[in-house]
Protein chains: 2
Amino acid sequence: MNLKSFETQVAVSTEDICREIFRNRSGSIRIKKERVAVGNLVKIFKATLKLANNKGFHAMSLRDLCAESGMSMGGLYAYFKNKEELLTLIQEQGRAIVARVMGDQLSGIDDADRALDVAVRSHLYLSEVLQPWFFFSYMETRFFNAAEGRRAIDGELQTEGIFSDILQKGIAGGQFAIGDPLLVAAAIKALLQDWYLKRWKYRRRKISVEAYADFVLSLISAYGAGKHAKGANHGVA
Amino acid sequence: MNLKSFETQVAVSTEDICREIFRNRSGSIRIKKERVAVGNLVKIFKATLKLANNKGFHAMSLRDLCAESGMSMGGLYAYFKNKEELLTLIQEQGRAIVARVMGDQLSGIDDADRALDVAVRSHLYLSEVLQPWFFFSYMETRFFNAAEGRRAIDGELQTEGIFSDILQKGIAGGQFAIGDPLLVAAAIKALLQDWYLKRWKYRRRKISVEAYADFVLSLISAYGAGKHAKGANHGVA
DNA sequence: GTCTATACAACGATAGAC
DNA sequence: GTCTATCGTTGTATAGAC
């Protein structure tokens with residue numbers, strides 16, 4: 001699986017996401033016409049992600065957001081009741097998409113080797129398509145109140161749980177030879193996060209997302225988990 | 001080398017750092033008595049790191065900072081000329097300490113195996129002692145203006161450069177068998193960052209910094225760089 | 001459904017008393 | 001060297017015209 005085939009298989013454009021948001025939360029959104037609402041939501045989210053990822057969500061004023069989105073103050077407040085709800089909106093939808101896409105991609109896969117490959121690639125490709133979303137979610141999570149903060153932590157642990165489940169399955173089946181699946185799962189998560197957090201670095205070095213996926217998989221495979229496990233060395237050409 | 005021996009060898013208490021700041025920037029600090037100034041700087045930095053790491057530097061108001069540090073508004077402004085300078089102060093000092101400590105620890109070490117071990121452990125132990133500092137620097141870097149932002153990026157690349165230099169040396173000497181030192185260096189950096197960014201996770205799981213260091217080293221060693229390189233598998237007990 | 005105008009709270013920063 | 005009082009600005013949020 002490469003990025004192209006992933007993209008055609010999974011529909012996750014900003015418009016798709018905004019339509020989903022509108023249908024889920026039509027109660028708290030004052031505008032009723034779907035076409036109008038979705039169009040404005042796209043403008044709002046694109047502007048928010050651009051501004052917040054540059055200077056932080058807190059430093060982004062709603063006046064900034066008006067200028068960037070081309071909407072007025074009053075117009076914005078038809079879509080959320082206060083600034084914090086805008087933050088929640090973006091975060092919640094992001095988490096939901098990750099859970100759904102990962103679940104879809106992994107459903108029906110029994111082999112641990114194949115599951116690991118699909119899980120790593122799905123997460124990387126998804127974060128490539130939705131890079132601003134992922135970056136935003138990571139950076140702004142800690143600004144939540146206690147209740148939402150706990151849900152964000154659960155999200156972190158849930159994604160990691162996908163990987164540790166696969167690893168444990170592979171150990172039980174005798175395919176993987178590792179003794180610390182939790183640590184390895186945490187490491188995989190850290191490497192996947194680096195891809196969307198330091199996107200500028202990998203872009204500058206002209207490393208494609210497929211090449212990065214290959215690297216991550218070969219790294220943990222050399223450690224004992226993956227297709228060519230038990231001491232294979234993929235580092236040398 | 002473990003955390004204890006590192007701590008006794010390297011003096012990096014908050015007070016040490018504040019004394020260094022005072023001596024470096026006595027020009028822009030209005031207070032002249034070292035004892036008074038250092039004491040207040042300790043209060044200011046402890047309060048800033050606590051508040052900013054909870055809710056973000058921007059969301060932390062200077063009135064919050066007064067309450068937390070026990071100082072007055074006017075008192076604070078004797079130590080920096082505006083809020084942004086406080087941000088810069090913490091960041092700059094953090095970068096300087098990392099560069100100095102890493103340089104000290106690595107000086108005189110020629111063997112690539114040993115250098116890799118020392119570099120990984122030094123960085124992890126330092127980030128363990130100064131966790132709030134590291135967390136703050138990582139999270140608040142992007143709020144800089146263009147000029148300072150570039151210096152922050154340089155800092156990121158510089159630390160990574162330490163690792164890629166060691167790796168390249170090991171390859172040249174025939175000790176390491178990897179074909180992509182830049183990617184491996186980036187991965188090491190990502191794993192080291194995870195330690196101080198997700199400190200809560202590792203604390204909850206009762207994983208010590210020494211155990212984490214062992215894990216990181218064995219992971220890249222299995223890939224082909226490190227003491228027991230060329231296919232050794234450290235994952236199984 | 002969208003805009004402009006405005007309320008009012010909170011912010012960073014400073015002047016001047018002590 | 002430190003504090004209190006206060007300035008002008010900017011922030012979020014809303015009311016009411018269109």
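Fair warning: this is a prediction, and the values are worked out from it, not measured in the lab. Note on naming: letters A, B, ... go to the chains in the order of the sequence lines (proteins, then strands), and numbering restarts at 1 for each one.
Every residue two or more places apart in sequence or in another chain that forms a ring pair (Phe, Tyr, Trp, His ring centres under 6.0 Å) with Tyr196(B) is listed here: Phe134(B). Taking Gln9(B) as the reference, Gln105(B) meet the side-chain hydrogen bond (donor to acceptor under 3.5 Å, both in side chains) condition, with sequence neighbours excluded. Residues forming a side-chain hydrogen bond (donor to acceptor under 3.5 Å, both in side chains) with Ser5(A) (at least two apart in sequence, or on another chain): Asn2(A). For Tyr77(A), the ring pair (Phe, Tyr, Trp, His ring centres under 6.0 Å) partners are Phe80(A), not counting sequence neighbours. The side-chain hydrogen bond (donor to acceptor under 3.5 Å, both in side chains) test applied to Glu15(A) returns Arg19(A), not counting sequence neighbours. For Ser72(B), there are no side-chain hydrogen bond (donor to acceptor under 3.5 Å, both in side chains) partners, not counting sequence neighbours.
Every pair passing salt bridge (charged side-chain N to carboxylate O under 4.0 Å, His left out) that includes a residue from residues 71-84 of chain B is listed here, sequence neighbours excluded: Lys81(B)-Glu85(B). Every pair passing ring-ring contact (aromatic ring centres under 6.0 Å, His included) that includes a residue from residues 4-44 of chain A is listed here, sequence neighbours excluded: Phe6(A)-Tyr125(A).
Residues of residues 24-41 of chain A having a heavy atom closer than 4.0 Å to DNA chain C, listed by number: Arg30(A), Ile31(A), Lys32(A), Lys33(A), Val36(A), Asn40(A).
Within 6.0 Å of NZ in Lys46(B) there are 12 or fewer heavy atoms belonging to other residues, nucleotides or ligands.
The span of DNA chain C lying next to chain B, judged by atoms under 4.0 Å from heavy atoms, is bounded 5' to 3' by dC11(C) to dT14(C).
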Which atom pairs, one a donor and one an acceptor, fall under 3.5 Å between side chains of residues 91-102 of chain B and the rest of the protein, sequence neighbours left out?
unit_1: Glu92(B); atom_1: OE2; unit_2: Arg151(B); atom_2: NH2; d: 3.1
unit_1: Gln93(B); atom_1: NE2; unit_2: Glu20(B); atom_2: OE2; d: 3.2
unit_1: Arg100(B); atom_1: NH2; unit_2: Glu20(B); atom_2: OE1; d: 3.1

Contact pattern, 5' to 3', of nucleotides 10-15 of chain D - B, S or - by protein heavy atom under 4.0 Å: -BBBB-
